[in-house]
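Have a look at the structure below, then the notes.
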Amino acid sequence: MNKKIVAFVEPSFYGVSFVKAAYSMGCIVIAVVSSLDNPKLYGYEGICEKLLVADIKSIDSVYNAIKNSEYYGKLDALIPATDYASHITAKVGEMLELVGVPYEAALKARNKDLAREAYQAHGVPSAKFKRVKSFDEAVKAVKEIGFPVVVKPTNCASSQNVFFVKNVEDLRKAAVRMDEFKEIYMGFKVKEEYLIEEFIEGQEFSVELFQKDGRILFATVTEKIVSPLPFFVEYQHVLPTSIFVDKKDDIINVAVSAAQALGIVNGPSHVEVKLSKSGPRIIEVNGRPGGDNISSDLLPNALGIDVFKATVQYYLNIPIELTSTKDQAVSVIYLVAKKNGIVSEIKGLSKLSSNENIIRYVITVKPGDYVKIPESSDDRLGYIIVKGKSSEEVKSEAISILNEITIVYK
């Protein structure tokens, strides 16, 4: 039996799990990369049979890298392995006549303004919004929407430059930051337009979703604990949710309607939802598995679900395996700085290795580092993944473990 040839565009962060899944399935793995150093940088050395170098920001460059290779006409799948190139990959996949998310759907998922328009057009509970280019336009938008609002870029992730704005002075500061914000990860440019959105109060969740032709193959709700305002940094995830369990179906139904409003009816989605007083309302849809250790650690350890393998199976157009084989609760909790300063010592780390409830942990901060109160996910200092018999138990246990760790400042 011939091995399937699977190509990935810019494997990085959560996307490396795709590469490992395909390799474990016996596939021949190809990677389209911006640099030959990437396998070492992101941790997938020795897995790829071939690296094809391209400008991953360009549809033509990615397409030509494949066309000019020995794999042209032989690929069985082309899969985006970074959020930022998902729409690029989708378009090239269409050009190669391969299975995948439609380009227009991927484009909407990557651009929050286009997504908001789609939610509005399909009657999905969302937020009032305006797309603006300047402070003056932002002031006009706020007059229509009303304070408080959220100011955010249209095509970023990880809560980068997302601001809670409660007055005109806050709005002015946010507008200055938006004007200065020109480039995101991997050289992708930030759009000049940004969003002014209604601030939705309520508990935040994410829905880990997998569809096949609009039919739900798998869905579960993850509880999120986020930073105090004015920032939106995620401090902890609990899967399955320990709260509002009676609202689980409502939350999932809104998430499905939002993904389908974008045109995503196949494959994985990570959908962020807030449970407001009027019911679940959509924050955003990501047409990929959830990052932040949700898909790589929480899903397999809590439920026995390998969403990365299932995604490769979808793109290869072979039977998809998504049967839950476990019934456990798992939480990831993040170490963050409680004040700005230079680290002198981190106390309590020695206890982590002896705790039988800890699945694994990664601490990235060390003495001498400058740390700050987090404004985005990039400012977090490590994480601990904890297992437990119930969601309530694991949520509490994770917080207790984190509280044993103390950052001492110089």
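- Between Tyr409 and Ala337, the closest heavy-atom pair is OH-CB, 3.6 Å.
- Put simply, the side chain of Asn167 gets close to the backbone of Asp170: a donor and an acceptor are under 3.5 Å apart.
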Evaluate side-chain contact (heavy atoms from CB on, under 4.5 Å) for Tyr383 paired with Asn293, printing each intermediate quantity in order. CA-CA 9 Å; Tyr383 60 84; Asn293 304 100; 3.5 Å; yes
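- Between the Ser269 side chain and the Val271 main chain, no donor and acceptor come within less than 3.5 Å of each other.
- Glu234 places no side-chain N or O within 3.5 Å of a backbone atom of Lys224 that could act as its donor or acceptor partner.
- If you take CG on Leu298 and CD on Gln328, they are separated by 10.5 Å, rounding to the nearest 0.5 Å.
- Expressed to the nearest 0.5 Å, how far CD1 of Ile363 lies from CG of Leu381 amounts to 8.5 Å.
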side-chain contact (heavy atoms from CB on, under 4.5 Å) between Lys4 and Met25: does it pass, once the steps are laid out? CA-CA 9 Å; Lys4 299 291 187 180; Met25 293 165 65; over 6 Å; no
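- Side chain of Asn155 to main chain of Lys189: a donor-acceptor pair is present (N/O by atom type, distance under 3.5 Å, no hydrogens or angles).
- Other residues, nucleotides and ligands contribute over 12 non-hydrogen atoms within 6.0 Å of the CZ atom of Phe164.
- In summary, the side chains of Glu208 and Ser295 do not present any donor paired with an acceptor at a separation below 3.5 Å, with no hydrogens or angles considered.
- Distance alone, capped at 3.5 Å, places no donor-acceptor pair between the Thr82 side chain and the Ala85 backbone.
- No donor-acceptor pair closer than 3.5 Å links the side chain of Asn286 to the backbone N or O of Ala109.
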Given Val330 and Asp297, is the side-chain contact (heavy atoms from CB on, under 4.5 Å) satisfied, shown in steps? CA-CA 8 Å; Val330 182; Asp297 293 276; 5.9 Å; no
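- Across Phe205 and Thr241, no two heavy atoms sit closer than the pair CE2-OG1, 3.3 Å.
- For Glu223 and His237, the side-chain atoms include no donor-acceptor pair closer than 3.5 Å.
- Between the side chain of Glu94 and the backbone N or O of Tyr103 there is at least one donor-acceptor pair closer than 3.5 Å.
- Nearest heavy-atom pair across His122 and Ala261 is CE1-O, 3.6 Å.
- Sorted by first and then second residue, the side chain to side chain donor-acceptor pair (under 3.5 Å) pairs involving residues 109-118 (not counting sequence neighbours) are Asn111-Lys191, Asp113-Arg131, Arg116-Ser126, Arg116-Glu197, Glu117-Arg131.
- The minimum heavy-atom distance between Ile200 and Ala127, with the atom names listed, is CD1-CB, 3.7 Å.
- Side-chain atoms of Glu198 come within 3.5 Å of backbone N or O of Lys128 as a donor-acceptor pair.
- We find that Arg215 and Asp213 are not joined by a salt bridge, their nearest charged nitrogen and carboxylate oxygen being 4.0 Å or further apart.
- Not a single donor-acceptor pair under 3.5 Å links the side chain of Glu193 to the backbone N or O of Thr154.
- Interatomic distance, CD of Glu272 versus CD1 of Ile282, reported as 9.5 Å (0.5 Å rounding).
- For the pair Tyr44 (side chain) and Gly15 (backbone), a donor-acceptor distance under 3.5 Å is absent.
- Between the CD1 atom of Ile384 and the CD1 atom of Ile405 there is a distance of 3.5 Å, given to the nearest 0.5 Å.
- By the 30° and 60° cut-offs, the orientation of the rings of Phe308 relative to Phe18 is perpendicular.
- A cation-pi arrangement is absent between Arg177 and Phe163, since the terminal nitrogen or guanidinium carbon is not both under 6.0 Å from the aromatic centre and inside a 45° cone about the axis.
- Looking only at atom types and distance, the side chain of Thr323 has no donor-acceptor partner in the side chain of Glu321 under 3.5 Å away.
- The nearest pair of heavy atoms linking Thr325 to Gly304 is OG1-CA, 3.4 Å.
- Annotation for Asp327: atom CG does not count as buried by contact number, only 12 or fewer foreign heavy atoms lying within 6.0 Å.
- For the residue pair Asp292/Tyr334, the side-chain donor-acceptor check at 3.5 Å is satisfied.
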